[in-house]
Amino acid sequence: MRILSFNVKSCDKKYFWAFIITLVCSIICGIVLYKPVIGNVYFINFGNEYVFNVFSFNNSQLFLTHFLADAVYFYLFFFICYFTKFKYITLIFLYIRGLFFGLYTVILICVTTLSGVLVTVLVFIPATLISVLICYLLASTCRQIDKKYVFFIPAVLAIIDGIVFMLLINVLFRIVIIIV
């Protein structure tokens, strides 16, 4: 059964630490860039629209954008790691993703007040961290996947990540909002 076998002993520790350091640095840079970007209407509209879509019961727009973004990142990480030996190139894309993650997190917290804090803590941060974890696992294990299923795995992982995202919104978030 070699579909998704993961050997911890063959884990690349240098890549793991480079992955963590890149993610932390990019999040810090995203937080620092908050002040120059606050005048940009796009980011403010993103925060307001994201909070509105989480609070409304029609979450299909959020699912579609989350699914498409994850599918692009998962296939990007997969193709780089599967067809080349340069998996450290994926750190550039991780940096970009972490930069926007830090920036959007600060904007959701600062611009959209208490509702943005709830959405950020209960939905946005866990969903993005799960997605980044899947990117790491995909980059680490893509060569160990059986060749019959190799091109479908990123799409399946994007669907699973989208389902987890919808569960975060429609189960966890709704329960907390009802309690509060």
Side-chain angles (χ1 to χ4, degrees), residues 11-51 53-54 61-112 116-117 119-143 145 151 153-166 168-169:
C11 182
D12 188 4
K13 290 181 181 27
K14 290 179 188 176
Y15 181 70
F16 174 75
W17 288 112
F19 194 88
I20 297 296
I21 290 169
T22 303
L23 185 64
V24 169
C25 290
S26 64
I27 291 171
I28 291 170
C29 288
I31 292 170
V32 169
L33 281 176
Y34 166 70
K35 268 301 194 203
V37 176
I38 192 63
N40 193 340
V41 177
Y42 166 76
F43 290 107
I44 296 170
N45 287 342
F46 167 80
N48 291 330
E49 190 173 327
Y50 193 87
V51 170
N53 285 334
V54 169
Q61 182 182 6
L62 284 178
F63 174 76
L64 184 63
T65 57
H66 187 78
F67 169 73
L68 290 176
D70 282 342
V72 167
Y73 273 107
F74 293 167
Y75 271 108
L76 188 67
F77 272 61
F78 172 75
F79 284 141
I80 289 172
C81 294
Y82 191 75
F83 290 115
T84 68
K85 294 184 184 216
F86 307 116
K87 72 177 174 182
Y88 288 98
I89 293 174
T90 60
L91 296 176
I92 296 168
F93 301 108
L94 176 71
Y95 183 81
I96 294 168
R97 186 169 189 162
L99 184 74
F100 283 115
F101 168 65
L103 191 61
Y104 289 153
T105 302
V106 172
I107 286 174
L108 281 171
I109 290 173
C110 294
V111 172
T112 56
V117 172
V119 168
T120 303
V121 170
L122 296 175
V123 176
F124 188 71
I125 291 176
T128 305
L129 291 180
I130 289 170
S131 177
V132 167
L133 176 69
I134 291 173
C135 283
Y136 173 75
L137 291 176
L138 194 61
S140 297
T141 62
C142 69
R143 293 196 182 252
I145 300 171
F151 293 108
I153 294 296
V156 169
L157 289 175
I159 291 172
I160 291 170
D161 191 42
I163 292 170
V164 169
F165 178 65
M166 294 311 290
L168 284 171
I169 291 174

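Predicted, not measured: the structure shown is a model, and the values here were computed from it.
Atom CD1 in Ile107 sits 9.5 Å away from atom OG1 in Thr112 (nearest 0.5 Å). Separation of atoms CZ (Phe74) and SG (Cys142) is listed at 13.5 Å; rounding is to 0.5 Å. Note that CZ of Phe16 and CD1 of Ile21 are 10.0 Å apart. Values are rounded to the nearest 0.5 Å. Interatomic distance, Asp161 CG to Leu133 CG, rounded to the nearest 0.5 Å: 9.5 Å. Note that CG of Leu157 is 8.5 Å distant from CG of Leu137, once rounded to the nearest 0.5 Å. Taking CD1 from Ile27 and CG from Leu103, the interatomic distance works out to 12.0 Å, rounded to the nearest 0.5 Å.
Closest approach of Thr90 and Cys81 over heavy atoms only: CG2-SG, 3.8 Å. When all heavy atoms are compared, the tightest approach of Val51 to Gly116 is CG2-CA, 3.8 Å. The shortest heavy-atom contact between Leu168 and Pro126 is CD1-CB, 3.9 Å. Between Ile80 and Phe93, the shortest heavy-atom contact is CD1-CE1, 3.4 Å. Scanning both residues, Ala139 and Lys87, for their nearest heavy atoms gives O-CD, 4.2 Å. Tyr15 and Tyr88 get closest at one heavy-atom pair: N-OH, 3.4 Å.
Heavy-atom neighbours of Phe83 CZ from other residues, nucleotides or ligands within 6.0 Å: above the threshold of 12. Around the OH atom of Tyr75, the shell of radius 6.0 Å holds more than 12 heavy atoms that belong to other residues, nucleotides or ligands.
In this structure, the side chains of Ile96 and Phe100 come closer than 4.5 Å at one or more pairs of heavy atoms. Side-chain contact between Val132 and Phe19 is present, with heavy atoms from C-beta onward closer than 4.5 Å.
Between the side chain of Ser131 and the main chain of Ala127, no donor-acceptor pair closer than 3.5 Å is present. Although no hydrogens or angles enter the test, the distance criterion places no donor-acceptor pair under 3.5 Å between the side chain of Thr128 and the main chain of Ile125. Distance alone, capped at 3.5 Å, is enough to place a donor-acceptor pair between the Ser26 side chain and the Leu23 backbone.
Using cut-offs of 30° and 60° for the angle between ring planes, the Phe46 and Tyr50 rings count as tilted. Between Phe78 and Tyr82, the ring planes lie parallel to each other; the angle is under 30°, not in the 30° to 60° tilted range.
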- [ ] Output, in order, the C-alpha distance, side-chain angles, deciding distance and verdict of side chain to side chain contact (heavy atoms under 4.5 Å, CB included) for Ile169 and Leu62.
- [x] CA-CA 10 Å; Ile169 291 174; Leu62 284 178; 3.9 Å; yes
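The six-membered or imidazole ring of Phe124 lies near that of Phe101, with a centre-to-centre distance under 6.0 Å.
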